[in-house]
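See below for the structure under consideration.
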Protein chains: 2
Amino acid sequence: MYFTLRRSSLWACNTVTTERVKGEHPRLNRDLVLDTAAELVKQQGVEALTMRKLAAELGTAVTSIYWHVGNRESLLTELVARTVAELGEIRPRGRTPRDRIVSLARTLRRELRAHPHLVALVHERGRTEQMFQPVAQALVHEVHAAGLRGARAAQAVRAVQFQVVGFVVLERYRERAPVQRPGEQELWDADTAGQDPALARALAAEVDVDRLFAASARALVDGLLGPA
Amino acid sequence: MYFTLRRSSLWACNTVTTERVKGEHPRLNRDLVLDTAAELVKQQGVEALTMRKLAAELGTAVTSIYWHVGNRESLLTELVARTVAELGEIRPRGRTPRDRIVSLARTLRRELRAHPHLVALVHERGRTEQMFQPVAQALVHEVHAAGLRGARAAQAVRAVQFQVVGFVVLERYRERAPVQRPGEQELWDADTAGQDPALARALAAEVDVDRLFAASARALVDGLLGPA
DNA sequence: ACCTGAACACCGTTCAAGT
DNA sequence: ACCTGAACACCGTTCAAGT
(Lines give C-alpha, C1' and ligand atoms only; values in the text may rest on other atoms or scores of the structure.)
Protein backbone atom coordinates (compact mmCIF):
# COMPACT_ATOMS: atom_id res chain seq x y z
CA MET A 1 0.00 0.00 0.00
CA TYR A 2 1.34 3.40 -0.91
CA PHE A 3 0.86 6.50 1.20
CA THR A 4 2.43 9.92 1.27
CA LEU A 5 4.37 10.89 4.35
CA ARG A 6 2.71 13.52 6.44
CA ARG A 7 4.72 16.34 7.94
CA SER A 8 4.05 14.94 11.36
CA SER A 9 5.53 11.56 10.50
CA LEU A 10 8.70 12.84 8.93
CA TRP A 11 10.85 11.83 11.86
CA ALA A 12 9.98 8.21 11.39
CA CYS A 13 11.32 7.81 7.91
CA ASN A 14 14.61 7.42 6.12
CA THR A 15 14.89 11.00 4.99
CA VAL A 16 17.64 12.23 2.75
CA THR A 17 18.18 15.65 4.20
CA THR A 18 19.90 15.89 7.54
CA GLU A 19 19.49 19.47 8.62
CA ARG A 20 15.76 19.60 8.47
CA VAL A 21 14.91 16.37 10.21
CA LYS A 22 14.78 17.38 13.79
CA GLY A 23 13.64 21.02 13.47
CA GLU A 24 10.29 22.53 12.75
CA HIS A 25 9.13 22.61 9.17
CA PRO A 26 9.90 25.97 7.69
CA ARG A 27 7.30 27.32 5.36
CA LEU A 28 7.52 25.67 1.98
CA ASN A 29 9.04 27.82 -0.72
CA ARG A 30 10.63 27.52 -4.12
CA ASP A 31 14.19 27.39 -2.84
CA LEU A 32 13.44 24.71 -0.30
CA VAL A 33 11.81 22.59 -2.97
CA LEU A 34 14.80 23.00 -5.26
CA ASP A 35 17.35 22.33 -2.53
CA THR A 36 15.60 19.17 -1.46
CA ALA A 37 15.26 18.02 -5.04
CA ALA A 38 18.96 18.64 -5.63
CA GLU A 39 19.84 16.64 -2.54
CA LEU A 40 17.62 13.79 -3.63
CA VAL A 41 19.24 13.67 -7.05
CA LYS A 42 22.73 13.90 -5.59
CA GLN A 43 22.16 10.98 -3.25
CA GLN A 44 19.86 8.69 -5.16
CA GLY A 45 20.08 9.70 -8.81
CA VAL A 46 17.65 11.38 -11.17
CA GLU A 47 15.40 8.38 -11.43
CA ALA A 48 14.67 8.77 -7.70
CA LEU A 49 13.39 12.28 -8.24
CA THR A 50 9.68 11.70 -8.46
CA MET A 51 7.19 14.31 -7.40
CA ARG A 52 5.82 11.94 -4.81
CA LYS A 53 9.16 11.11 -3.24
CA LEU A 54 10.04 14.78 -3.21
CA ALA A 55 6.78 15.56 -1.45
CA ALA A 56 7.45 12.86 1.12
CA GLU A 57 10.90 14.29 1.67
CA LEU A 58 9.44 17.74 2.19
CA GLY A 59 6.64 16.44 4.31
CA THR A 60 3.98 18.08 2.19
CA ALA A 61 1.28 17.02 -0.20
CA VAL A 62 2.49 16.25 -3.71
CA THR A 63 0.31 18.97 -5.08
CA SER A 64 1.95 21.70 -3.02
CA ILE A 65 5.10 21.33 -5.06
CA TYR A 66 3.25 22.26 -8.19
CA TRP A 67 2.33 25.62 -6.76
CA HIS A 68 6.01 26.50 -6.28
CA VAL A 69 7.77 25.02 -9.28
CA GLY A 70 5.11 24.44 -11.90
CA ASN A 71 5.87 20.86 -12.87
CA ARG A 72 8.61 18.27 -13.03
CA GLU A 73 9.95 19.58 -16.32
CA SER A 74 10.62 23.10 -15.06
CA LEU A 75 11.92 21.73 -11.78
CA LEU A 76 14.58 19.79 -13.66
CA THR A 77 15.42 22.74 -15.89
CA GLU A 78 15.98 24.95 -12.88
CA LEU A 79 18.08 22.26 -11.23
CA VAL A 80 20.35 22.02 -14.25
CA ALA A 81 20.81 25.78 -14.38
CA ARG A 82 21.69 25.86 -10.69
CA THR A 83 24.22 23.08 -10.88
CA VAL A 84 25.94 24.56 -13.88
CA ALA A 85 26.27 27.81 -11.96
CA GLU A 86 27.83 25.91 -9.08
CA LEU A 87 30.60 24.44 -11.23
CA GLY A 88 33.97 25.78 -10.29
CA GLU A 89 35.56 28.35 -12.52
CA ILE A 90 37.86 26.64 -14.98
CA ARG A 91 41.30 28.19 -15.33
CA PRO A 92 43.89 27.05 -17.84
CA ARG A 93 47.35 25.81 -16.92
CA GLY A 94 50.47 25.42 -19.01
CA ARG A 95 52.92 27.58 -20.94
CA THR A 96 51.74 27.36 -24.52
CA PRO A 97 48.18 27.99 -25.69
CA ARG A 98 48.25 24.41 -26.92
CA ASP A 99 48.95 23.11 -23.43
CA ARG A 100 46.37 25.43 -21.93
CA ILE A 101 43.64 24.26 -24.28
CA VAL A 102 44.37 20.64 -23.43
CA SER A 103 44.33 21.55 -19.74
CA LEU A 104 40.94 23.24 -20.17
CA ALA A 105 39.57 20.12 -21.78
CA ARG A 106 40.93 17.96 -19.02
CA THR A 107 39.59 20.22 -16.27
CA LEU A 108 36.13 20.46 -17.81
CA ARG A 109 35.97 16.70 -17.95
CA ARG A 110 37.07 16.39 -14.34
CA GLU A 111 34.59 19.03 -13.26
CA LEU A 112 31.72 17.32 -15.07
CA ARG A 113 32.69 13.92 -13.73
CA ALA A 114 32.73 15.37 -10.22
CA HIS A 115 29.06 16.24 -10.70
CA PRO A 116 27.66 13.06 -12.19
CA HIS A 117 24.16 14.02 -11.13
CA LEU A 118 24.46 17.07 -13.35
CA VAL A 119 25.33 14.96 -16.35
CA ALA A 120 22.45 12.65 -15.50
CA LEU A 121 20.13 15.60 -15.18
CA VAL A 122 21.16 17.08 -18.49
CA HIS A 123 20.88 13.60 -19.89
CA GLU A 124 17.30 13.35 -18.79
CA ARG A 125 16.37 16.82 -19.93
CA GLY A 126 18.26 16.98 -23.20
CA ARG A 127 20.03 20.25 -22.45
CA THR A 128 23.62 19.35 -23.17
CA GLU A 129 24.29 22.85 -24.37
CA GLN A 130 24.61 24.07 -20.81
CA MET A 131 27.52 21.76 -20.10
CA PHE A 132 29.53 23.61 -22.72
CA GLN A 133 29.32 26.90 -20.90
CA PRO A 134 31.92 26.76 -18.13
CA VAL A 135 34.94 26.67 -20.44
CA ALA A 136 33.58 28.83 -23.20
CA GLN A 137 35.31 32.11 -22.36
CA ALA A 138 38.64 30.57 -21.53
CA LEU A 139 38.64 28.49 -24.70
CA VAL A 140 37.93 31.48 -26.89
CA HIS A 141 40.81 33.31 -25.30
CA GLU A 142 43.30 30.48 -25.72
CA VAL A 143 42.32 29.62 -29.25
CA HIS A 144 42.79 33.25 -30.16
CA ALA A 145 46.18 33.28 -28.44
CA ALA A 146 47.10 30.22 -30.46
CA GLY A 147 46.70 32.30 -33.58
CA LEU A 148 43.36 31.10 -34.88
CA ARG A 149 40.98 33.75 -36.13
CA GLY A 150 37.37 34.15 -37.18
CA ALA A 151 35.27 31.14 -38.14
CA ARG A 152 38.23 28.83 -37.80
CA ALA A 153 38.76 29.86 -34.18
CA ALA A 154 35.07 29.41 -33.43
CA GLN A 155 35.13 25.95 -34.93
CA ALA A 156 38.12 24.98 -32.81
CA VAL A 157 36.31 26.09 -29.67
CA ARG A 158 33.28 24.05 -30.60
CA ALA A 159 35.32 21.02 -31.56
CA VAL A 160 36.91 20.90 -28.13
CA GLN A 161 33.59 21.45 -26.35
CA PHE A 162 31.91 18.71 -28.34
CA GLN A 163 34.75 16.31 -27.74
CA VAL A 164 34.81 16.79 -23.99
CA VAL A 165 31.08 16.71 -23.43
CA GLY A 166 30.56 13.84 -25.85
CA PHE A 167 33.25 11.89 -24.09
CA VAL A 168 31.80 12.48 -20.64
CA VAL A 169 28.32 11.52 -21.76
CA LEU A 170 29.63 8.29 -23.27
CA GLU A 171 31.59 7.52 -20.15
CA ARG A 172 28.45 7.86 -18.08
CA TYR A 173 26.63 5.44 -20.36
CA ARG A 174 29.41 2.92 -20.00
CA GLU A 175 29.29 3.18 -16.24
CA ARG A 176 25.57 2.56 -16.15
CA ALA A 177 25.68 -0.45 -18.43
CA PRO A 178 27.45 -3.54 -17.09
CA VAL A 179 30.46 -4.77 -19.06
CA GLN A 180 28.88 -7.52 -21.16
CA ARG A 181 30.08 -7.19 -24.73
CA PRO A 182 29.71 -10.68 -26.10
CA GLY A 183 31.54 -11.79 -29.20
CA GLU A 184 33.60 -8.69 -29.55
CA GLN A 185 36.76 -10.72 -29.52
CA GLU A 186 36.25 -12.37 -32.87
CA LEU A 187 36.23 -9.03 -34.64
CA TRP A 188 39.87 -8.49 -33.88
CA ASP A 189 41.40 -11.90 -34.30
CA ALA A 190 40.62 -12.22 -37.96
CA ASP A 191 42.70 -9.92 -40.05
CA THR A 192 45.22 -7.40 -39.01
CA ALA A 193 45.28 -8.15 -35.34
CA GLY A 194 46.72 -11.57 -36.06
CA GLN A 195 49.93 -9.94 -37.20
CA ASP A 196 49.99 -7.59 -34.24
CA PRO A 197 49.45 -9.45 -30.97
CA ALA A 198 49.99 -6.31 -28.89
CA LEU A 199 47.15 -4.63 -30.79
CA ALA A 200 44.92 -7.63 -30.30
CA ARG A 201 45.66 -7.61 -26.60
CA ALA A 202 45.01 -3.90 -26.27
CA LEU A 203 41.68 -4.21 -28.04
CA ALA A 204 40.59 -7.13 -25.91
CA ALA A 205 41.40 -5.26 -22.69
CA GLU A 206 39.11 -2.85 -20.90
CA VAL A 207 39.35 0.69 -22.19
CA ASP A 208 41.43 2.98 -20.00
CA VAL A 209 39.21 6.03 -20.35
CA ASP A 210 41.57 8.44 -18.65
CA ARG A 211 44.42 7.66 -20.99
CA LEU A 212 42.11 7.53 -23.96
CA PHE A 213 40.76 10.96 -23.16
CA ALA A 214 44.19 12.45 -22.63
CA ALA A 215 45.39 11.07 -25.95
CA SER A 216 42.24 12.13 -27.81
CA ALA A 217 42.30 15.66 -26.48
CA ARG A 218 45.95 16.07 -27.30
CA ALA A 219 45.46 14.67 -30.79
CA LEU A 220 42.44 16.87 -31.49
CA VAL A 221 44.19 20.03 -30.36
CA ASP A 222 47.31 19.14 -32.33
CA GLY A 223 45.15 18.56 -35.36
CA LEU A 224 43.28 21.83 -34.88
CA LEU A 225 46.35 23.99 -34.37
CA GLY A 226 48.60 22.26 -36.85
CA PRO A 227 52.12 20.96 -36.12
CA ALA A 228 53.93 22.95 -33.43
CA MET B 1 -11.01 5.63 -19.17
CA TYR B 2 -8.28 3.34 -20.34
CA PHE B 3 -8.87 -0.02 -21.98
CA THR B 4 -6.73 -2.39 -23.93
CA LEU B 5 -7.63 -3.07 -27.51
CA ARG B 6 -9.01 -6.50 -28.14
CA ARG B 7 -7.96 -8.48 -31.16
CA SER B 8 -11.42 -8.17 -32.56
CA SER B 9 -11.39 -4.40 -32.42
CA LEU B 10 -8.01 -3.93 -34.06
CA TRP B 11 -9.52 -2.75 -37.33
CA ALA B 12 -11.11 0.20 -35.65
CA CYS B 13 -7.96 1.83 -34.36
CA ASN B 14 -5.08 3.91 -35.60
CA THR B 15 -2.62 1.07 -35.79
CA VAL B 16 1.00 1.53 -36.71
CA THR B 17 1.56 -1.58 -38.73
CA THR B 18 0.06 -1.75 -42.16
CA GLU B 19 0.47 -5.33 -43.26
CA ARG B 20 -1.30 -6.93 -40.38
CA VAL B 21 -4.36 -4.75 -40.17
CA LYS B 22 -6.71 -6.46 -42.54
CA GLY B 23 -5.55 -10.05 -42.23
CA GLU B 24 -6.13 -12.66 -39.59
CA HIS B 25 -4.02 -12.50 -36.49
CA PRO B 26 -1.10 -14.84 -36.84
CA ARG B 27 -0.14 -16.66 -33.71
CA LEU B 28 1.83 -14.42 -31.41
CA ASN B 29 5.56 -15.17 -31.30
CA ARG B 30 8.80 -13.57 -30.30
CA ASP B 31 9.62 -12.24 -33.75
CA LEU B 32 6.23 -10.68 -34.23
CA VAL B 33 6.53 -8.92 -30.91
CA LEU B 34 9.97 -7.62 -31.79
CA ASP B 35 8.96 -6.51 -35.29
CA THR B 36 5.97 -4.64 -33.99
CA ALA B 37 8.02 -3.03 -31.24
CA ALA B 38 10.63 -1.94 -33.79
CA GLU B 39 7.93 -0.44 -35.98
CA LEU B 40 6.45 1.42 -33.03
CA VAL B 41 9.82 2.87 -32.08
CA LYS B 42 10.61 3.81 -35.66
CA GLN B 43 7.36 5.69 -36.11
CA GLN B 44 6.67 7.17 -32.71
CA GLY B 45 9.94 7.10 -30.79
CA VAL B 46 11.16 5.08 -27.83
CA GLU B 47 8.95 6.88 -25.36
CA ALA B 48 5.94 5.50 -27.23
CA LEU B 49 7.11 1.94 -26.66
CA THR B 50 5.12 0.99 -23.61
CA MET B 51 4.09 -2.56 -22.96
CA ARG B 52 0.47 -1.55 -23.06
CA LYS B 53 0.70 0.26 -26.38
CA LEU B 54 2.60 -2.66 -27.81
CA ALA B 55 -0.08 -5.05 -26.62
CA ALA B 56 -2.76 -2.87 -28.18
CA GLU B 57 -0.81 -2.84 -31.41
CA LEU B 58 -0.54 -6.61 -31.36
CA GLY B 59 -4.13 -7.04 -30.32
CA THR B 60 -3.24 -9.17 -27.32
CA ALA B 61 -3.27 -8.87 -23.59
CA VAL B 62 -0.32 -6.97 -22.14
CA THR B 63 0.71 -10.01 -20.21
CA SER B 64 1.11 -12.19 -23.30
CA ILE B 65 4.12 -10.15 -24.32
CA TYR B 66 5.90 -11.13 -21.15
CA TRP B 67 5.72 -14.76 -22.06
CA HIS B 68 7.61 -14.12 -25.30
CA VAL B 69 10.17 -11.48 -24.42
CA GLY B 70 10.52 -11.54 -20.66
CA ASN B 71 10.20 -7.86 -19.87
CA ARG B 72 10.66 -4.39 -21.29
CA GLU B 73 14.36 -4.35 -20.51
CA SER B 74 15.21 -7.45 -22.53
CA LEU B 75 12.86 -6.35 -25.28
CA LEU B 76 14.87 -3.16 -25.70
CA THR B 77 18.17 -5.00 -25.54
CA GLU B 78 17.09 -7.33 -28.30
CA LEU B 79 15.84 -4.41 -30.36
CA VAL B 80 19.19 -2.68 -30.12
CA ALA B 81 21.05 -5.81 -31.16
CA ARG B 82 18.78 -6.27 -34.14
CA THR B 83 19.08 -2.73 -35.36
CA VAL B 84 22.85 -2.76 -35.06
CA ALA B 85 22.89 -5.90 -37.17
CA GLU B 86 20.77 -4.13 -39.77
CA LEU B 87 23.24 -1.31 -40.20
CA GLY B 88 24.88 -1.33 -43.59
CA GLU B 89 28.43 -2.53 -43.82
CA ILE B 90 30.76 0.39 -43.63
CA ARG B 91 33.48 0.45 -46.29
CA PRO B 92 36.27 2.99 -46.40
CA ARG B 93 36.93 5.32 -49.33
CA GLY B 94 39.99 7.33 -50.25
CA ARG B 95 43.58 6.78 -51.27
CA THR B 96 45.56 7.21 -48.09
CA PRO B 97 44.80 5.42 -44.80
CA ARG B 98 44.31 8.90 -43.38
CA ASP B 99 41.54 9.66 -45.85
CA ARG B 100 39.99 6.26 -45.34
CA ILE B 101 39.83 6.67 -41.57
CA VAL B 102 38.12 10.02 -41.94
CA SER B 103 35.73 8.47 -44.44
CA LEU B 104 34.92 5.67 -41.98
CA ALA B 105 34.14 8.23 -39.31
CA ARG B 106 31.92 10.16 -41.65
CA THR B 107 30.08 7.08 -42.85
CA LEU B 108 29.49 5.77 -39.34
CA ARG B 109 27.99 9.10 -38.37
CA ARG B 110 25.76 9.12 -41.44
CA GLU B 111 24.69 5.54 -40.80
CA LEU B 112 23.83 6.25 -37.17
CA ARG B 113 21.98 9.43 -38.07
CA ALA B 114 19.97 7.46 -40.60
CA HIS B 115 18.75 5.29 -37.73
CA PRO B 116 17.83 7.86 -35.11
CA HIS B 117 15.59 5.37 -33.34
CA LEU B 118 18.65 3.21 -32.77
CA VAL B 119 20.48 6.05 -31.10
CA ALA B 120 17.41 6.77 -29.02
CA LEU B 121 17.15 3.13 -28.06
CA VAL B 122 20.76 2.89 -27.04
CA HIS B 123 20.22 6.16 -25.25
CA GLU B 124 17.43 4.69 -23.21
CA ARG B 125 19.22 1.46 -22.48
CA GLY B 126 22.70 2.75 -21.87
CA ARG B 127 24.41 0.38 -24.30
CA THR B 128 26.45 2.77 -26.35
CA GLU B 129 29.11 0.15 -26.80
CA GLN B 130 27.12 -1.50 -29.54
CA MET B 131 27.17 1.58 -31.71
CA PHE B 132 30.92 1.24 -31.92
CA GLN B 133 30.79 -2.14 -33.57
CA PRO B 134 30.03 -1.50 -37.24
CA VAL B 135 33.33 0.25 -37.99
CA ALA B 136 35.55 -1.70 -35.66
CA GLN B 137 37.14 -4.09 -38.13
CA ALA B 138 37.68 -1.54 -40.84
CA LEU B 139 39.19 0.94 -38.41
CA VAL B 140 41.65 -1.60 -37.07
CA HIS B 141 42.72 -2.37 -40.61
CA GLU B 142 43.24 1.24 -41.65
CA VAL B 143 45.00 2.30 -38.50
CA HIS B 144 47.39 -0.57 -38.99
CA ALA B 145 47.90 0.43 -42.60
CA ALA B 146 48.69 3.94 -41.40
CA GLY B 147 51.64 2.50 -39.54
CA LEU B 148 50.35 2.51 -35.97
CA ARG B 149 51.07 -0.59 -33.92
CA GLY B 150 50.10 -2.18 -30.63
CA ALA B 151 48.50 -0.16 -27.88
CA ARG B 152 48.88 3.03 -29.82
CA ALA B 153 46.88 1.62 -32.73
CA ALA B 154 44.19 0.39 -30.37
CA GLN B 155 43.95 3.81 -28.79
CA ALA B 156 43.57 5.47 -32.18
CA VAL B 157 40.71 3.12 -33.05
CA ARG B 158 38.97 3.92 -29.79
CA ALA B 159 39.55 7.64 -30.10
CA VAL B 160 37.79 7.70 -33.45
CA GLN B 161 34.93 5.53 -32.20
CA PHE B 162 34.41 7.70 -29.14
CA GLN B 163 34.50 10.85 -31.17
CA VAL B 164 31.93 9.73 -33.70
CA VAL B 165 29.50 8.18 -31.24
CA GLY B 166 29.87 11.02 -28.75
CA PHE B 167 29.20 13.49 -31.49
CA VAL B 168 26.10 11.70 -32.71
CA VAL B 169 24.70 11.37 -29.21
CA LEU B 170 25.22 15.08 -28.60
CA GLU B 171 23.61 15.93 -31.89
CA ARG B 172 20.55 13.97 -30.92
CA TYR B 173 20.32 15.83 -27.64
CA ARG B 174 20.49 19.14 -29.43
CA GLU B 175 17.73 18.12 -31.79
CA ARG B 176 15.46 17.14 -28.94
CA ALA B 177 16.00 20.33 -26.97
CA PRO B 178 14.67 23.53 -28.52
CA VAL B 179 17.23 26.22 -29.30
CA GLN B 180 16.86 28.51 -26.27
CA ARG B 181 20.30 29.45 -24.99
CA PRO B 182 19.73 32.67 -23.14
CA GLY B 183 22.60 35.02 -22.35
CA GLU B 184 25.19 33.12 -24.29
CA GLN B 185 26.03 36.21 -26.27
CA GLU B 186 27.59 38.14 -23.44
CA LEU B 187 30.25 35.50 -22.94
CA TRP B 188 31.84 36.31 -26.25
CA ASP B 189 31.58 40.06 -26.49
CA ALA B 190 33.74 40.78 -23.50
CA ASP B 191 37.34 40.00 -24.18
CA THR B 192 38.92 38.50 -27.18
CA ALA B 193 35.91 38.46 -29.42
CA GLY B 194 35.81 42.25 -29.35
CA GLN B 195 39.04 42.32 -31.35
CA ASP B 196 37.81 39.64 -33.74
CA PRO B 197 34.33 40.44 -35.08
CA ALA B 198 34.35 37.42 -37.39
CA LEU B 199 34.94 35.16 -34.40
CA ALA B 200 32.16 36.85 -32.45
CA ARG B 201 29.80 36.43 -35.37
CA ALA B 202 30.71 32.77 -35.82
CA LEU B 203 30.13 32.06 -32.15
CA ALA B 204 26.79 33.81 -32.12
CA ALA B 205 25.58 31.82 -35.13
CA GLU B 206 23.99 28.39 -35.00
CA VAL B 207 26.50 25.56 -35.06
CA ASP B 208 26.90 23.95 -38.46
CA VAL B 209 27.21 20.39 -37.17
CA ASP B 210 28.16 18.85 -40.50
CA ARG B 211 31.11 21.17 -40.99
CA LEU B 212 32.04 20.92 -37.34
CA PHE B 213 32.11 17.17 -37.53
CA ALA B 214 34.13 17.11 -40.72
CA ALA B 215 36.69 19.47 -39.25
CA SER B 216 36.84 17.63 -35.92
CA ALA B 217 37.29 14.24 -37.50
CA ARG B 218 40.01 15.51 -39.79
CA ALA B 219 41.80 17.24 -36.91
CA LEU B 220 41.61 14.21 -34.66
CA VAL B 221 42.96 11.86 -37.30
CA ASP B 222 45.73 14.30 -38.19
CA GLY B 223 46.62 14.52 -34.55
CA LEU B 224 46.58 10.77 -34.10
CA LEU B 225 48.68 9.96 -37.13
CA GLY B 226 51.01 12.90 -36.90
CA PRO B 227 51.82 15.34 -39.75
CA ALA B 228 51.59 13.76 -43.19
C1' DA C 1 2.73 -24.22 -24.37
C1' DC C 2 0.48 -20.16 -24.60
C1' DC C 3 -2.95 -16.52 -23.32
C1' DT C 4 -6.05 -14.16 -20.08
C1' DG C 5 -7.95 -10.52 -16.50
C1' DA C 6 -7.28 -8.83 -12.02
C1' DA C 7 -4.39 -6.73 -8.99
C1' DC C 8 -0.28 -4.28 -7.12
C1' DA C 9 2.71 -0.61 -6.63
C1' DC C 10 3.93 2.96 -8.66
C1' DC C 11 3.96 7.51 -12.01
C1' DG C 12 2.70 13.05 -13.32
C1' DT C 13 -0.93 16.30 -13.33
C1' DT C 14 -5.51 18.69 -12.63
C1' DC C 15 -8.89 20.57 -9.88
C1' DA C 16 -12.25 21.92 -6.60
C1' DA C 17 -12.08 22.83 -1.94
C1' DG C 18 -10.17 24.52 2.09
C1' DT C 19 -7.45 28.17 5.17
C1' DA D 1 -1.40 33.27 -1.12
C1' DC D 2 -0.69 28.79 -0.11
C1' DC D 3 -1.89 23.89 0.92
C1' DT D 4 -4.96 19.84 0.77
C1' DG D 5 -7.11 15.07 -0.79
C1' DA D 6 -9.45 12.95 -4.45
C1' DA D 7 -9.36 11.67 -8.95
C1' DC D 8 -7.62 10.76 -13.71
C1' DA D 9 -4.93 8.66 -16.98
C1' DC D 10 -1.30 6.39 -17.36
C1' DC D 11 3.07 3.05 -16.19
C1' DG D 12 5.70 -2.11 -15.58
C1' DT D 13 5.16 -6.47 -13.52
C1' DT D 14 3.26 -10.65 -11.03
C1' DC D 15 0.22 -14.27 -10.59
C1' DA D 16 -3.42 -17.53 -10.43
C1' DA D 17 -6.46 -19.18 -13.67
C1' DG D 18 -7.80 -20.74 -17.96
C1' DT D 19 -7.22 -23.50 -22.70
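Below, chain A is the first sequence line, B the second, and so on; all start at residue 1.
- Summarising the geometry of B:L28 relative to B:S64, their closest heavy-atom pair is CD2-CB, 3.8 Å, with the distance given to 0.1 Å.
- Considering only the side chain of B:R27, C:dC3 comes nearest among C:dC3, C:dG12, C:dT4.
- Between A:R158 and B:D208 there is no salt bridge, since none of the side-chain N atoms of the basic residue sits less than 4.0 Å from a carboxylate O of the acidic one.
- Side-chain atoms of A:S103 do not come within 3.5 Å of backbone N or O of A:P92 as any donor-acceptor pair.
- Of all nucleotides listed (C:dC3, C:dC11, D:dC3), D:dC3 comes nearest to the side chain of A:W67.
- Spacing between atom CD of B:E47 and atom C1' of D:dC10 amounts to 15 Å, rounded to whole angstrom units.
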Residue pair B:V69, B:E78: steps toward the side-chain contact (heavy atoms from CB on, under 4.5 Å) verdict: CA-CA 9 Å; B:V69 296; B:E78 183 59 28; over 6 Å; no
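- When distances run from any side-chain atom of B:T50 to the nucleotides D:dG12, D:dT4, D:dC3, the shortest one goes to D:dG12.
- Rounded to whole angstrom, the span from the CZ atom of B:R30 across to the P atom of C:dA1 amounts to 17 Å.
- With rounding to whole Å, A:I65 atom CD1 is found 12 Å from C:dC11 atom P.
- For A:E111 (side chain) and A:L87 (main-chain N/O), no donor-acceptor pair under 3.5 Å exists by modelled atom type.
- Using cut-offs of 30° and 60° for the angle between ring planes, the A:F132 and A:F162 rings count as tilted.
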DNA chain D base-pair string [pairs: Watson-Crick or G-U under 3.5 Å; |: paired with another strand]: ||.|||||...|||||.||
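- The pair A:D210-A:R106 does not meet the salt-bridge criterion, since no charged nitrogen lies less than 4.0 angstrom from a carboxylate oxygen.
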Base versus backbone protein contacts along nucleotides 13-19 of chain C [heavy-atom cut-off under 4.0 Å; B, S, -]: BBB----
